[in-house]
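Lettering of chains follows the sequences in order, A, B, ..., and the numbering in each one begins at 1.
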Amino acid sequence: MKNKTSCLPQEAGARPSRCPDNSAFKQQRLPAWKPQLTIATVLSSFFLTGAFCLSVGICLILSANSIREFQINYSDKCSECSKLRENTSNWNKECHCSVNFTLKEDMLGDVFMYYGLQNFYQNHRRYVISRSDAQLLGQNVNIEKSYCAPFTTYQNGTPMAPCGAIANSMFNDTIDLFYNLNSSVVQVPLLKTGNSWWTDKNVKFRNPKSDNLSSAFAGTARPPYWQKPVYLLDEEDERNNGYVNDDFIIWMRVSAFATFRNLYRRVERVKQFVNGLPAGNYTFHISYNFPVTKFKGRKHVILSTVVWSGGSNPFLGIAYVVTGTAATLMGFVITAIHLKLRKKKTYFQK
Amino acid sequence: MERCAARRAPEEERRVRANAREYNEKFQYASNCIKTSKYNIVTFLPVNLFEQFQEVANTYFLFLLILQLIPQISSLSWFTTIVPLVLVLTITAVKDATDDYFRHKSDNQVNNRQSQVLIGGVLRQEQWMNVRVGDIIKLENNQFVAADLLLLSSSEPHGLCYIETSELDGETNMKVRQAIPVTSELGDTGKLAGFDGEVICEPPNNKLDKFGGTLYWKENKYPLSNQNMLLRGCVLRNTEWCFGLVVFAGPDTKLMQNSGRTKFKRTSIDRLMNTLVLWIFGFLVCMGVILAIGNAIWEHEVGVCFQIYLPWDEGVHSAFFSGFLSFWSYIIILNTVVPISLYVSVEVIRLGHSYFINWDKKMYCAKRRTPAEARTTTLNEELGQVEYIFSDKTGTLTQNIMVFSKCSVNGHSYGDVQDVLGPKAELGERPEPVDFSFNPLADPRFQFWDPSLLEAVKLGDPHVHEFFRLLSLCHTVMSEERSQGELFYKAQSPDEGALVAAARNFGFVFRSRTPKTITVQELGRAVTYQLLAILDFNNIRKRMSVIVRSPEGKIRLYCKGADTILLERLHPLNQDLSNITTDHLNEYAGEGLRTLVLAYKDLEESYYEDWAERLRRAGSAPEAREDRLARLYDELLGATAIEDKLQQGVPETIAILTLANIKIWVLTGDKQETAVNIGYSCKMLTDDMTEVFVVTGHTVLEVREELRKAREKMMDASHSTANGFSYQEKLSSSKLTSVLEAIAGEYALVINGHSLAHALEADMEVEFLETACACKAVICCRVTPLQKAQVVELVKKYKKAVTLAIGDGANDVSMIKTAHIGVGISGQEGIQAVLASDYSFSQFKFLQRLLLVHGRWSYLRMCKFLCYFFYKNFAFTMVHFWFGFFCGFSAQTVYDQYFITLYNIVYTSLPVLAMGVFDQDVPEQRSMEYPKLYEPGQLNLLFNKREFFICIAQGIYTSVLMFFIPYGVFADATRDDGAQLADYQSFAVTVATSLVIVVSVQIGLDTGFWTAINHFFIWGSLAAYFAILFAMHSDGLFQMFPNQFRFVGNAQNTLAQPTVWLTIALTTVVCIMPVVAFRFLKLDLKPELSDTVRYTQLVRKKQKTQHRCMRRVGRAGSRRSGYAFSHQEGFGELIMSGKNMRLSSLALAGFAARPSAGWIETLRKKKGSDAGSPDKALKV
């Protein structure tokens, strides 16, 4: 194709030329990179991916091996309390329960204590939207307009603080850990702050501005299932009270699945716990308030250590190893197929 | 303006009385005001919105929007739908408004044209829109006719007037119209004002060539025909003035009745897409039902116990009702499988492709200064799927320019270019054209390449002189000498013009004629011949003759005509010369030239007198006059060959398109011989063809028999060869609809208009189609515009193939509108075809580029786009489905609502758009070199239901991994600082991020042509995702709108976790690697032609390209009777009667008017017997 139809220069003179511009863009001749799947690129990508996945997988599995985790289902262990809580009319009766257990190995490093819930649908659509972030930011807003219903106001018009189903259903068991050392019982020191995200604690949650907390929440009432108002969540620490209470913040960060664990406390590394929890006999003292049997739920208390990849979840490591193996195998399969059938390659020879 | 819109009941007949407005008003005929616009300012918004919501997609999204406004089921914020919907509606509305504005403008311009109306005996200037039915208006030369008029009188003798109808039917030659004799005397306004005739005629219709009515005047009835009508849109030419009575006005005129709204064309991909969207919608409902049932069960089993923490919504009292609500909620969140952006993107891509067509320099014709134009922007990808091309001949394949190219005089052939390269020598290598400067009257545009002919003239070869004398005498051309030496010829057909012009340049200049004489300047010497008779051309005689008396007093009959007729009437003494001339004729015909044989006979004075006497007596029964006059011609003078100039590159284009498996049918109004000739010269027909079937039957039975015979022959041949030889053409088995398609050998079918009429009847059309489709080439001649459309319709109906019609004239409009794609040849005078077309350019040869390059790319790009688009949206949406099983079927979305809103608009739209606009699999030169690359489009291989399911499957596979890998990782996992990892927001961010990365990698794999724009869009989209993610999760936005931006701080907290990145990496690897393996194996084991072409290019192997050499324009040996007359009888009769000559010139010639209105009667007869009747005879 010679450029027979090229525009003649002289024609531009008389009338404005209707000849299209000779630009690479308009003539679809833009310079371009034309990648192609060749045997070299494909094989190298498969083998490299395989090697990468295998090494990551092995690293993950090795590091996960150093994690120690201990888990107890205390809704079964404390069956009496569970039964008591099944009847909502007993909501203000206290129920305590102790669970003994033995750590056979030391738990070295930072030890985290979680409560775990099973079958609790924190990811239900109506549950997830049932909150007012403006209220939790300390703003004076009309929560009637939020999705908090039906946990918005009492019948007399008093607004709930905080409103919504999430806040109302906050986990309210208290769990203490005791170390039984040679018949003497030592309470393990636990940290209740510093467990939540910095942004949650400092940006997302704010108490209403006022001289003191109780006056800030004046005119509001606690959610119906709560035993105490929001400004009494932590009477000892002003910075852990009200909406900025760590337990509350952690609860408000709803889980993606119906089975989840939330960070409850961290073991303070002091005295004999400076290296973590030593092996031995322990007891959980649980003030059992949160009913779960009604919806066939279960409660756990979990002790665990972490590494760089988080807690002990073997899935990622195994998945990486499987993927790496598969990619490498696929590389070999492709090589075999290519070598065996390459003769049929070109279209013209067909 | 509003008057225009008045609608009336259809009328049965029309009564119009001249000069009687009151009388005519009671019929409420439409006024001459036209309105093509659709809206006005008030009606625009409601009407336009109403029209837009007739689009299913728009209504669907409106419905979704309404669903989202119901709080109980609103699983997504309303803005996720309304933003794109409003955007789409606005863009369309703006486009419609601009279009309508221009229609308003052009309406106003036309309505306000001035015309002279006779009111109360005085001519008054009126605007066109104020002209009423029954008015008499005066037209002047070169004015547009304002309405459909009955011609009353004109400045020319006998009420003649000339019009040009190119706006109406595309024909550029002039036509004659004549007033009926009684009114032609009404020459001045006074008489006309008193005219009170009444016309009763047919109701308004769109038949341009028919009119039936009667004029009642002074107790007399006068029949009216189309011959008396001037139609709106014509231009008055060569006539000083004329008067006409308005019969049809405004919307009732034939022009407006013909301008129906163009049918909206849809591509097959469009239709497929609509089907798929329906399927997807069904799929959506299924998923909704599954999840709704799940919801009902869950609420019944689990939710009911969970009510202490999460009571049911108000008004929800049963699990069943909850399930019902959740169905709608899921419909809302799953609707993103077919987002509105799909429709917008498809339009944008098509628009881009249209611009590329408009911008293509290689489709720009410098000579006519016309670039190619995509007039419809919605059909581009169908250009890549064309299987049948229906082409007009004149003006499309040929230039409609006749060039005197060769001649044979007394056994000597002239005109061969003295050049080894053959007749089609390259430009620039041609020798200088013959210099005609000796002749002051020569036409400078005429070019001839063989100097020996001129030398022969100069040397005084008597045969050559006689040859050119014949050419300068035997014709019906009219001359016009505007100033000294500036001659203009008005010829009925371009063939004649070419011959007379040739004679002129070789020194035999036809200067002027009167009814009795012809003056010729013979080599500078003026000679006046007495014209005794013109025996004009007709279909039977296939020749024309003149009898002239030379100044010396000798009477001679000159004749030119078809070889078949003339050669057998030659004097047997000239056998040798006749044989040589026949050889020359064969040679010319083989080159596709139109040939004529020239002969003369000297007549004895007495013989002529005798004949003339007999003729006078037998005046009313003039059969076979000439045969008696000259049964034998004495002298064979020679032969002429006229080149019907093909458009540039036509044979090459046809060859390439044929290689691309496109079948080309020529549909022409021309005669069979002409059409076949062109068929040969553009290599559609070749002598290698096994057989060319010619169907010319006049009755149903004959046609059926001929078709049957043709089929039998083809079947026989294929049976006999099938055993021994392989099929010449490998046909894919999927297309084998009948045995006939596997015919061995090449056949061609030529069918005549009257046979076609029978073949197109309901009981024979399938037979005809099967026969025709088995042939390599099909030529339909003498077809009417309607038949053209019918043929196209027939193929559309039974073949399920994409058809393309290409033409230049108004007679092609119906075919252009009927075919899937209509292409108009622009740059010619008529613009009707272009206006009706979807694409227009000025050269037939651009068709190969339009189809093989633009069409192919468009199809490829659109298919890749659609595959990817469905993939990405299934991958995106199906995650919700899997999540449903883990969140109590509560219609909780996996992603942040902003991600859902922006996913299709921002994060993933531009890379795929860039691919859809810019992608190229092989460079453009390769698509020309390997026309087979076009085949996937015809077979619809790149996007069909199977491909769609593969995309969907890939999308679903991706969505499964996209959900379950993060699920596996997140369940019970904690962050490296001990806090919970599996919170909903972190999960959402992780899944969204891996989704964006996976689909970006996938588009990277799909993009085969990474221009800077692709790079920018792909990397830019990823960057935009992270930028927007961090912006949306920033403190500032949250503090302003805490309830809207609840993901505050999420991005930085989640994306700081190594686990999250490892999850994203794993998901990407697992989603992409199988695709890579699959693609590579497919490429390795079953490469497509395009893959191979690309591969070849990559390794730069010096593989011998299968360069398909065009078969050279060679010589064919078969004998065909090619002759040049493509026209009806010319002005011969007018000349002899002198009716069309000005009185002044008649007086000069001493012309005494013959007392006969004979020719007028003939004119009327001609009309009555219609152009097609072959047995009509003329009277001299």
(message) Less than 4.5 Å to any heavy atom of chain A: does that hold for the side chain of B:Ser329, its backbone, both, or neither?
(response) side chain
(request) Scan side-chain atoms only and decide if A:Thr199 and B:Asp1035 contain a donor-acceptor pair under the 3.5 Å cut-off. (result) no
(request) Verify whether the ring centers belonging to B:Tyr967 and A:Phe257 lie closer than 6.0 Å. (result) yes
(message) With a 4.5 angstrom heavy-atom cut-off, is it the side chain or the backbone of B:Pro1058 that approaches chain A, or both, or neither?
(response) side chain
(message) Under the rule for side chain to side chain donor-acceptor pair (under 3.5 Å), what residues qualify as partners of B:Asn358, not counting sequence neighbours?
(response) none
(message) How long is the straight-line distance from CG of B:Asp313 back to OH of A:Tyr147, given to the nearest 0.5 Å?
(response) 11.0 Å
(message) Could you check whether A:Arg261 and B:Gln980, counting side-chain N and O atoms only, form a donor-acceptor pair closer than 3.5 Å?
(response) no
(message) Would you say the rings of B:Tyr309 and A:Phe290 are close, in the sense that their centroids are separated by under 6.0 Å?
(response) yes
(message) Is B:Ile308 close to chain A through its backbone or its side chain, or both, or neither, when contacts mean heavy atoms under 4.5 Å?
(response) both
(request) Would you check if A:Lys204 and B:Phe1038 make a side-chain contact, meaning some heavy-atom pair closer than 4.5 Å? (result) yes
(message) Report which part of B:His854 has an atom under 4.5 Å of a heavy atom belonging to chain A: side chain, backbone, both, or neither.
(response) side chain
(message) Quick one, B:Phe1080 and A:His338 - any side-chain contact, counting heavy atoms below 4.5 Å?
(response) yes
(request) Indicate yes or no: at least one non-hydrogen side-chain atom of B:Met1073 is less than 4.5 angstrom from one of A:Met330. (result) no
(message) Working to the nearest 0.5 angstrom, can you tell me the gap between A:His124 NE2 and B:Ser890 OG?
(response) 4.5 Å
(message) Are B:Leu1062 and A:Tyr320 packed together at the side-chain level, in the sense that at least one heavy-atom pair is separated by less than 4.5 angstrom?
(response) yes
(request) Measure the spacing between OG of A:Ser255 and CD of B:Gln985 and express it to the nearest 0.5 Å. (result) 11.5 Å
(request) For each of B:Gln1052, B:Gln1039, B:Arg1079, B:Glu301, tally heavy-atom pairs with chain A at distances under 4.5 Å, and name the one with the top tally. (result) B:Gln1039
(request) Measure distances from B:Val1069 to the heavy atoms of chain A and classify the residue's part below 4.5 Å as side chain, backbone, both or neither. (result) side chain
(request) Heavy-atom distances under 4.5 Å only: say whether A:Pro224 touches chain B with side chain, backbone, both or neither. (result) neither
(request) Check whether the ring centres of A:Phe25 and B:Phe918 lie less than 6.0 Å apart, and answer yes or no. (result) yes
(request) Provide the full list of salt bridge (charged side-chain N to carboxylate O under 4.0 Å, His left out) pairs with a residue in residues 1039-1051 of chain B, sequence neighbours left out, each pair given once. (result) A:Asp133-B:Arg1046
(message) Working to the nearest 0.5 angstrom, can you tell me the gap between B:Leu310 CG and A:Gln122 CD?
(response) 11.0 Å
(request) Against chain A, label B:Phe1041 side chain, backbone, both or neither, depending on which of its atoms sit under 4.5 Å from a heavy atom there. (result) neither
(message) I'd like to check A:Tyr114 versus B:Thr974 (side-chain heavy atoms, cut-off strictly below 4.5 Å). Are they in contact?
(response) yes
(message) Between A:Tyr121 and B:Trp298 (judged by ring centroids, cut-off 6.0 Å), do the two rings come close enough to count as a pair?
(response) yes
(request) Would you mind checking which part of B:Trp312 comes under 4.5 Å of any heavy atom in chain A, side chain (CB onward), backbone (N, CA, C, O), both or neither? (result) both
(message) Would you compute the distance between atom OG1 of B:Thr1007 and atom NZ of A:Lys34 and round it to the nearest 0.5 angstrom?
(response) 14.5 Å
(message) Contact between A:Phe260 and B:Asp972 at the side-chain level, heavy atoms closer than 4.5 Å - yes or no?
(response) no
(request) Would you mind checking which part of B:Phe987 comes under 4.5 Å of any heavy atom in chain A, side chain (CB onward), backbone (N, CA, C, O), both or neither? (result) side chain
(message) If I measure from the heavy atoms of chain A, does B:Asp921 come under 4.5 Å with its side chain, its backbone, both, or neither?
(response) neither
(message) Using 0.5 Å steps for rounding, measure from the CG atom of A:Leu30 to the CG atom of B:Asn1014.
(response) 9.0 Å
(request) Check whether A:Ala327 gets within reach of chain B through its side chain, its backbone, both or neither, counting any heavy atom under 4.5 Å. (result) neither
(message) Given heavy-atom pairs under 4.5 angstrom as the criterion, report whether the side chain, backbone, both or neither of B:Gln1044 touches chain A.
(response) neither
(message) Quick check for you: among B:Gln920, B:Gln1057, B:Gln843, B:Gln925, which has the greatest number of heavy-atom pairs under 4.5 Å with chain A?
(response) B:Gln920
(request) Could you tell me whether the side chain of B:Glu924 and the main chain of A:Arg29 form a donor-acceptor pair under 3.5 Å? (result) no
